[in-house]
Visitor: 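Structure below; questions to follow.
Start at 1 and go down the list; that is how both ligands and their atoms are numbered. Because only heavy atoms are used, hydrogens play no part in the values below, and waters and symmetry mates are left out as well, while side chains stay in.
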Amino acid sequence: MVRPFTEPDRSQIIALWNDVFADDPPWNAPDVIIDTKLKVQPGLFFVCVDLSVSGQREIVGTTLAGFDGVRGWMHHVATHSAHRRRGIASLMMAKAAAGLEALGCPKLNLQVRATNQAVVRFYESLAYVVEDRIRMGKRLGSNGQ
Ligand SMILES: CC(C)(COP(=O)(O)OP(=O)(O)OC[C@H]1O[C@@H](n2cnc3c(N)ncnc32)[C@H](O)[C@@H]1OP(=O)(O)O)[C@@H](O)C(=O)NCCC(=O)NCCS
């Protein structure tokens with residue numbers, strides 16, 4: 001089942017992200033990302049819950065989406081390593097895309113690290129295409145120093 005984040009999900013999401021995004025920089029600490037996302041379009045923070053394993057609620061996937069008024073973005077698309085290739089991320093992406101479309105979002109963007117080529121195949125399976133763009137970024141506030 002894919003549904004929006006609820007607070008009791010937090011500890012399992014932190015464990016999932018610490019595993020899947022182990023080399024993320026300190027400013028992407030899971031607690032920070034979760035707290036920040038909950039302040040902006042929290043209804044577009046999706047989790048996939050597996051109830052079938054032991055009758056317990058297990059968070060097996062996440063997707064964070066957001067609409068900036070011009071484009072929609074996807075972040076933290078992750079499926080627990082024991083649950084991959086079962087369509088979980090595809091389901092979450094569809095739910096997030098529907099949420100963005102409902103807000104009037106005309107196009108989705110996402111970023112993939114150059115070292116993460118395998119995931120390109122996943123996005124291509126959902127009809128995303130590699131575009132000829134140069135990605136640029138700048139950190140703001142205290143993280144910008
Ligand atoms: C990428 C990721 C989210 C995919 O999750 P998933 O739940 O396994 O994806 P799905 O089951 O919905 O995959 C749908 C299709 O995508 C393609 N696909 C998924 N993972 C793939 C891989 N590692 N290599 C090639 N194709 C892949 C396949 O076509 C697959 O369909 P199939 O299983 O019938 O062949 C998952 O591998 C993951 O969490 N990776 C680590 C985190 C990450 O890199 N996130 C993206 C950051 S940009």
Visitor: Would you name the heavy atoms of Leu16 and His80 that are closest together and state the gap between them?
Guide: CD1-CA, 3.6 Å

Visitor: Any protein heavy atom under 4.0 Å from atom 34 (O) of ligand 1?
Guide: no

Visitor: Could you tell me whether a side-chain N or O of Glu131 sits under 3.5 Å from a main-chain N or O of Asn109, the two making a donor and an acceptor?
Guide: no

Visitor: Which heavy atom of the protein is the closest neighbour of atom 17 (C) of ligand 1, given with residue, atom name and distance?
Guide: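 Protein heavy atom with the smallest distance to atom 17 (C) of ligand 1: Phe122 CA, 3.7 Å.
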
Visitor: Should one rank Leu126, Thr79, Val119, Ile88 by closest heavy-atom distance to atom 6 (P) of ligand 1, which comes out on top?
Guide: Thr79

Visitor: One thing to verify: whether Arg121 and Glu124 come together as a salt bridge, which I'm taking to mean a side-chain N less than 4.0 angstrom from a carboxylate O.
Guide: no

Visitor: Where does Asn116 meet ligand 1, judged by heavy-atom distances below 4.0 Å: at the side chain, the backbone, both, or neither?
Guide: side chain

Visitor: Of the protein's non-hydrogen atoms, which lies at the shortest distance from atom 43 (C) of ligand 1, and what is that distance?
Guide: Val77 O, 3.7 Å

Visitor: Does only the side chain of Arg86 get under 4.0 Å from ligand 1, or the backbone, or both, or neither? Count heavy atoms.
Guide: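 It is the backbone that gets close, since no side chain atom is under 4.0 Å.
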
Visitor: Compare every heavy atom of Ala89 with every heavy atom of Phe122, then report the nearest pair and how far apart it is.
Guide: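 The answer is CZ-CB, 3.4 Å.
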
Visitor: Starting from atom 36 (C) of ligand 1, find the nearest protein heavy-atom neighbour and note its residue, name and distance.
Guide: Arg84 NE, 3.6 Å

Visitor: For Asn18 and Ala15, indicate whether the former's side chain and the latter's backbone hold a donor-acceptor pair under 3.5 Å.
Guide: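 No; judged by distance alone, with no hydrogens or angles, the pair does not exist.
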
Visitor: Under 4.0 Å from a heavy atom of Ala78: give me the atoms of ligand 1 that qualify, with their elements.
Guide: 39 (O)

Visitor: Quick one: which of Gln111, Arg85, Arg121 has a heavy atom closest to atom 22 (C) of ligand 1?
Guide: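 Shortest heavy-atom distance from atom 22 (C) of ligand 1: Arg85.
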
Visitor: Could you grab the distance from atom CE of Met92 to atom CG of Leu64, nearest 0.5 Å is fine?
Guide: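 Met92 atom CE to Leu64 atom CG measures 10.5 Å (nearest 0.5 Å).
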
Visitor: Looking at Lys107 and Val70, would you say the former's side chain and the latter's main chain have a donor-acceptor pair under 3.5 Å?
Guide: no

Visitor: Got the closest protein heavy atom to atom 42 (C) of ligand 1, with its distance?
Guide: Val20 CG1, 3.2 Å

Visitor: Considering Ser90, Gly61, Ser125, Ala118, which one's heavy-atom position lies nearest to atom 10 (P) of ligand 1?
Guide: Ser90

Visitor: How far does CD1 of Ile59 sit from OG1 of Thr6, to the nearest 0.5 angstrom?
Guide: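 The OG1 atom of Thr6 is 6.5 Å from CD1 of Ile59, to the nearest 0.5 Å.
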
Visitor: So which heavy atom in the protein is nearest atom 11 (O) of ligand 1, and how far is it from that ligand atom?
Guide: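 Minimum-distance protein heavy atom for atom 11 (O) of ligand 1 reads Gly87 N, 2.8 Å.
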
Visitor: Which is it for Trp17 and ligand 1 at heavy atoms under 4.0 Å: side chain, backbone, both or neither?
Guide: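 The answer is neither; Trp17 stays 4.0 Å or more away.
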
Visitor: What is the nearest protein non-hydrogen atom to atom 3 (C) of ligand 1, stated with its residue, atom name and distance?
Guide: Ala89 CB, 3.7 Å

Visitor: Which heavy atom of Gln12 sits nearest a heavy atom of Arg57, and at what distance?
Guide: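 Scanning both residues, the minimum pair turns out to be NE2-O, 3.1 Å.
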
